Amino acid sequence: MTSVLYDVPGPKARRVSLTGSAIGIVLIAAVLGWAVWTLAQQGIFEGERWEVFAIPDVWSLLAQGLGATLSAAAVAAAIAFPLGLALSLLRISAVPAIRIPTQVVLEFLRGMPVVLMMLFVLLVFATNTFTAVVVGLVLYNSAIFAEIIRAGIQSLPKGQREAGLAIGLTSFQSRMAIELPQAIRRMLPSLVAQLVVLLKDTSLGYIVAYEELLRKVQIMADFLGPDFLFPVFFVAAAIYIAINVSVSRLAIWIERRGSKKAAGGVVHVPAAGVPAETGEEKGA
Amino acid sequence: MDVIIESLPIYWDGFLRTLFLAAVSGIIALVTGTILAAMRVSPVKALRGFSMAFVEIARNTPLTIVFFFCAIVLPRLGVRFDQFEVAAIIALSGYTSAFVAEAVRSGVNSVPVGQAEAARSIGLTFGQVLNLVVLPQALRTVVPPLINILIALVKNSSVAGAFFVLELFGHARQLANDHGDAVMQVLAGTAVFYLLMTVPLGILAHRVEKKVAIAR
């Protein structure tokens, strides 16, 4: 897609681009070098700082944190998806008495910071931190899932539902048997992308003292001493990023595959309140 | 109810600080995000690579981690801020700029190929094509997602409350501590203040989407 903006570079343009690249690389390298130098001044690269990773307990604590992160995300996703599905059906119900309250609730849930919902559950219902994190994630993400699925259903050709009703299916049967399977398939990339958001949001558990990966980092730094904060943090951040990048890649892969296979392809309707997580790398 | 009315000045203070954080980081993120998007579509490989790497990493890093880095790890490394607001603004704008870059980039992609081709065929340079022809059109499609990013930014600013900034969420935590018997009211009051910001923005996004939408 980039080639649309400029001609295939000729010898002169290639030279300019090469010079530009060289200058760019030098600049970026300079900034990185400065950062590394600053870190080195702090003694970050001294071997003993990194020797903490020779302690098995450090790894087992990191693994515990990762387990807590993943289990909260898995439980939340497993509850949020069916709930979002149900909400999406209520949201497009033909009965205003069902549709409008659902819309209000969804609007409310999407307008709330997730961490506020977690804190609310934690303090008002006096639950344990795991429940608070999961409920907070479920409330927010089911609303987003609902919006994504709704957008998927509404993107279907009208004839799908009409045909369903015409052969004598009830409204509900038509939704379940005809519209939802297509809608979910169309929206699969957005749904998977939302999973990344959900996974990222588990780190908000840190704020409500749920012992996930980041909280474990804090605990270890407090225990081992401030010198070891950076190494442990660095490794934990790398773990987080690696997992999220893989799930993001999965979303892109599904999208590419989907757009080749599915007749209607996949649609991109960014759900409100979610930063444009959808449809990246489309024509890259 | 009494608690809410009693603490209105505190809420108001938090509300203003949240608005301040969101506004400042929003402006910085819009500017850097657009620059990143321009780098991403530029013919210079190094810039393209840098922008791609930055966006990929920033979008896949939890905001809490970014905040933890800016507010707790950086000071340990000798980068000290006089106010924690500065750390919060760096974290929020850095994180948000990646999403802005993605939104602007997909907006650039949505401009029909013929537009750029026509611009190029009359001899405009890459910069001119981008600034005069593609970006003005791209911005139209980009505005609704951008508003959604701003909504997310307002909500994301709540994370700052956990990192020593007394914005709305930070004040809410303190109030909840001080009024153990009225936690529900305190937090419900906070929710109202957040909705005061996010719901109008949501309505605006919806309106703009309808108005700006161009049939292509």
Side-chain angles (χ1 to χ4, degrees), chain A residues 1-2 4-7 9 13 16-17 20-25 28 38-39 41-42 44 107-108 110-116 119-120 123-124 196 199-204 206-207 214 217-218 226 229-230 233 236-237 240-241 244-245 248 270-277 279-280 282-283, chain B residues 40-48 50 56-57 59-65 68-69 72-73 76-79 96 99 102-103 106 108-109 113 116-117 120 126 129-130 134 144-145 148-149 151-152 155-156 158-159 161-162 169 172-173 176 183-184 187 190-191 194-195 198-199 202 205-206:
Chain A
M1 112 267 155
T2 43
V4 173
L5 296 174
Y6 40 85
D7 285 305
V16 172
S17 166
S21 276
I23 297 173
I25 288 171
I28 294 164
T38 319
L39 289 180
Q41 290 299 100
Q42 305 285 326
I44 285 302
E107 213 58 54
F108 173 82
R110 289 190 338 192
M112 277 289 131
V114 182
V115 63
L116 189 66
L119 191 72
F120 189 88
L123 295 180
V124 174
V196 179
L199 199 57
K200 276 169 33 172
D201 280 351
T202 50
S203 70
L204 293 171
Y206 168 81
I207 297 168
L214 191 58
V217 169
Q218 172 96 68
L229 177 66
F230 184 78
F233 170 80
Y240 249 125
I241 294 170
N244 288 329
V245 168
S248 301
V274 206
E277 306 271 358
E280 69 270 74
K282 203 165 143 198
Chain B
R40 180 72 195 270
V41 297
S42 85
V44 182
K45 240 188 190 142
L47 298 182
R48 222 157 50 203
F50 172 76
E56 181 78 357
I57 291 177
R59 291 179 66 224
N60 285 302
T61 312
L63 181 62
T64 327
I65 293 244
F68 192 87
F69 181 76
I72 295 177
V73 178
R76 288 266 165 78
L77 296 176
V79 186
T96 309
F99 293 95
E102 272 302 300
S106 52
V108 169
N109 280 350
V113 177
E117 282 174 348
R120 242 169 52 213
F126 170 71
V129 174
L130 206 58
V134 175
N148 284 332
I149 291 175
I151 298 176
K155 293 190 295 176
N156 283 339
S158 61
V159 178
F169 179 74
R173 282 221 298 188
V183 176
M184 204 166 100
L187 294 182
T190 318
Y194 270 110
L195 291 177
T198 53
V199 169
H206 195 70

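These numbers come from a predicted model, not from an experiment.
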[X] side chain near [Y] side chain, heavy-atom distance below 4.5 Å:
| X | Y | value |
| --- | --- | --- |
| B:Y194 | A:P113 | yes |
| B:T61 | A:Y240 | no |
| B:I65 | A:L214 | yes |

Toward chain B, the part of A:V114 with a non-hydrogen atom under 4.5 Å = neither

Portion of A:L229 that has a non-hydrogen atom of chain B nearer than 4.5 angstrom |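 For A:L229, side-chain heavy atoms alone lie under 4.5 Å from chain B.
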
Checking heavy atoms, do the side chain of [X], its backbone, both or neither come under 4.5 Å from chain A?
| X | answer |
| --- | --- |
| B:V134 | side chain |
| B:A205 | neither |
| B:T64 | both |

Closest non-hydrogen atom pair, B:K155 against A:R110 =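 Residues B:K155 and A:R110, closest heavy atoms: NZ-O, 2.5 Å.
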
Counting heavy-atom pairs under 4.5 Å with chain B, which one of [options] comes out on top?
| options | result |
| --- | --- |
| A:A237, A:A236, A:S203, A:A22 | A:S203 |
| A:L116, A:I25, A:I23 | A:L116 |
| A:L123, A:D201, A:V16, A:L119 | A:L119 |

In terms of heavy-atom pairs under 4.5 Å with chain A, which of B:N60, B:T96, B:I72, B:T198 leads?
->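 Heavy-atom pair counts peak at B:N60.
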
Taking the side chain from A:S21 and the backbone from B:V44, do they hold a donor-acceptor pair closer than 3.5 Å?
->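 Pair absent, no side-chain N/O of A:S21 close to backbone of B:V44.
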
What is the distance from atom CG of B:L187 to atom CE of A:M112, rounded to the nearest 0.5 Å?
->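 Between B:L187 CG and A:M112 CE, I get 10.0 Å after rounding to 0.5 Å.
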
Hey, what's the ring geometry for A:Y206 with B:F68, parallel, tilted or perpendicular (30° and 60° as the breaks)?
-> perpendicular

